[in-house]
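Inspection log for the structure reproduced underneath, given as C-alpha cells.
Scope of the values below: all heavy atoms of this structure, side chains included, with no hydrogens, waters or symmetry mates. Just follow the structure's listing: the first ligand is 1, and inside any ligand the first atom is 1.
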Amino acid sequence: MKGIDSSHVLIAPSLLSSDFTRLGEAIVLMEEVGADLLHCDVMDGHFVPNLTFGPPIIKAIKENTEIPLDVHLMITNTDETLEWYIDVDPRIISVHAESCIHLHRVIQAIKDAGILAGVVVNPGSSLHIIEDVIEDVDLVMLMSVNPGFGGQSFIGRAVDKCIHLKEICEERGVDPIIMIDGGINPRTAPAMVRAGATCLVAGNAVLGEADPIAAYRALRKAVDSAQEKA
Ligand code: DX5
Ligand code: ZN
C-alpha cells in the first residue's frame with residue numbers, strides 16, 4: 001500500500017514523547033532502527049486538552065527524513081483546516097470521526113490528494129460511527145487511551161473492539177490498516193497483534209525511554225513474536 005511494507009506489523013513511534021528541543025535527534029534515532037512510520041500528534045487545545053504542533057513543524061520534519069509521516073489530527077475544526085495538512089503531503093492523514101462534520105467529504109479530500117486516509121475512533125465511541133466510511137478508508141485507528149497525552153494506561157477494551165472491527169472488515173470485504181494508539185508497550189502489544197492490529201503507535205514506550213533504540217527493538221521483538229504465534 002503506497003510504499004508501506006505490510007508484511008509485518010508496523011510500528012509508528014510517536015514524536016509526542018520526544019524532547020521537542022531535540023526533534024531532529026529523535027528522528028535520526030528512528031531512522032537508525034528502521035521505524036515504519038513517524039506518528040505526528042496534532043492537538044489543538046479544543047478537541048483534546050493539550051496543544052502540540054501544526055503544519056510548519058510537520059513540514060520541517062518531512063524535509064528532514066525519509067520515514068513516511070503518519071499525521072493524527074486531534075482538532076475540532078478538521079473540515080476547515082484539512083487543506084493545511086494536505087499541503088504538507090504526509091503519507092497518512094487520520095481524522096477523528098467525532099470531529100468531522102462531513103466525514104465522508106474529508107476522507108475523499110485526503111484520498112483525492114493521493115494521501116492515505118485514516119479514520120480514528122475514541123475509546124468511548126462506537127464502531128457504528130465509522131461503518132458508513134469503512135469501505136472508503138485506507139486505515140482505521142482505534143484509540144486505546146483517551147487522546148491528549150502520552151504515557152497513559154492502555155484501555156484493555158481495545159482488544160475486543162479490534163476483534164469486532166476485524167469482523168466488520170471481513171463482512172465488508174475490506175482490509176484497511178488497523179492502527180492502535182495509546183499505552184502500547186512490549187506487555188500490551190501482543191494482545192493487540194493477536195486481535196488483528198496491523199500497526200501500533202508507541203510514544204512513551206519508545207521515545208519516552210532513556211534508550212529509544214533499545215526500547216524500539218524490545219517492542220519490535222514482542223510484536224514479531226506475537227505475529228509468529230498468531
Ligand atoms: C495520544 C496520542 C498518542 C500518544 C501515544 O493522544 O494520540 O499518539 O503519542 O502515547 P503513548 O504510547 O505514550 O500512550
Ligand atoms: Zn496519536
Side-chain angles (χ1 to χ4, degrees), residues 9-20 23 26-27 29-30 33 35-54 57-58 61 67-76 78 85 90-100 110 116-125 137-159 161-162 177-193 197-212 215-216 218-220 222-223:
V9 173
L10 306 169
I11 297 179
S14 171
L15 292 172
L16 182 65
S17 296
S18 62
D19 175 345
F20 281 1
L23 260 185
I27 293 165
L29 292 177
M30 293 303 96
V33 292
D36 300 293
L37 295 163
L38 268 184
H39 187 80
C40 303
D41 286 305
V42 178
M43 303 185 184
D44 68 349
H46 292 272
F47 184 67
V48 290
N50 197 3
L51 264 176
T52 54
F53 47 72
I57 295 201
I58 302 171
I61 295 167
I67 306 175
L69 301 189
D70 159 34
V71 172
H72 175 192
L73 296 182
M74 287 162 276
I75 59 177
T76 305
T78 310
Y85 301 93
R91 186 69 54 87
I92 304 170
I93 297 180
S94 294
V95 298
H96 272 260
E98 302 89 354
S99 89
C100 296
I110 298 169
L116 297 175
V119 67
V120 194
V121 184
N122 274 333
S125 298
V137 294
D138 301 293
L139 178 153
V140 178
M141 191 196 301
L142 300 181
M143 293 307 302
S144 40
V145 296
N146 287 296
F149 303 95
Q152 302 181 80
S153 300
F154 178 74
I155 298 172
R157 165 96 185 92
V159 176
K161 204 167 179 179
C162 185
I177 295 170
I178 298 182
M179 182 182 274
I180 312 297
D181 187 7
I184 293 293
N185 58 45
R187 291 180 308 287
T188 56
M192 287 310 330
V193 172
T198 53
C199 182
L200 303 175
V201 176
N204 243 40
V206 176
L207 283 162
E209 289 285 328
D211 183 348
Y216 181 93
L219 181 59
R220 180 82 263 166
V223 168

Check: Looking at CG of Leu139 and OG of Ser94, how far apart are the two atoms once the value is rounded to the nearest 0.5 Å?
Finding: 4.5 Å
Next item on the list: Name all residues meeting the ring-ring contact (aromatic ring centres under 6.0 Å, His included) criterion together with Phe53; count only those two or more places apart in sequence or in a different chain, and write none if there are none.
Entry: Phe20
Next item on the list: Give the intermediate values and the outcome of salt bridge (charged side-chain N to carboxylate O under 4.0 Å, His left out) for residues Asp138 and Arg91.
Entry: CA-CA 11 Å; Asp138 301 293; Arg91 186 69 54 87; over 6 Å; no
Next item on the list: Please list, by chain and number, the protein residues whose heavy atoms come under 4.0 Å of ligand 1.
Entry: Ser14, Leu16, His39, Asp41, Met43, His72, Met74, Met143, Pro147, Gly148, Phe149, Gly150, Gly151, Asp181, Gly182, Gly183, Val201, Ala202, Gly203, Asn204
Item checked: Partners passing side-chain hydrogen bond (donor to acceptor under 3.5 Å, both in side chains) against Asp44 (at least two apart in sequence or in another chain) -> Thr76
Checklist line | Contact check, side chains of Leu16 and Leu207, non-hydrogen atoms, under 4.5 Å | finding: no
Check: Closer than 2.8 Å to the Zn ion (ligand 2), which protein N, O or S atoms?
Finding: His39 NE2, Asp41 OD1, His72 ND1, Asp181 OD2
Checklist line | For Cys199, the option from Val9, Leu37, Ile11 that meets side chain to side chain contact (heavy atoms under 4.5 Å, CB included) | finding: Leu37
Checklist line | Residue pair His46, Ile75: steps toward the side-chain contact (heavy atoms from CB on, under 4.5 Å) verdict | finding: CA-CA 7 Å; His46 292 272; Ile75 59 177; over 6 Å; no
Notebook entry, point to check: For the side chain to side chain contact (heavy atoms under 4.5 Å, CB included) test, which of Leu10, Val193, Ile184 pairs with Val223?
Noted result: Val193
Notebook entry, point to check: Do Met30 and Pro212 have side-chain heavy atoms sitting under 4.5 Å apart?
Noted result: yes
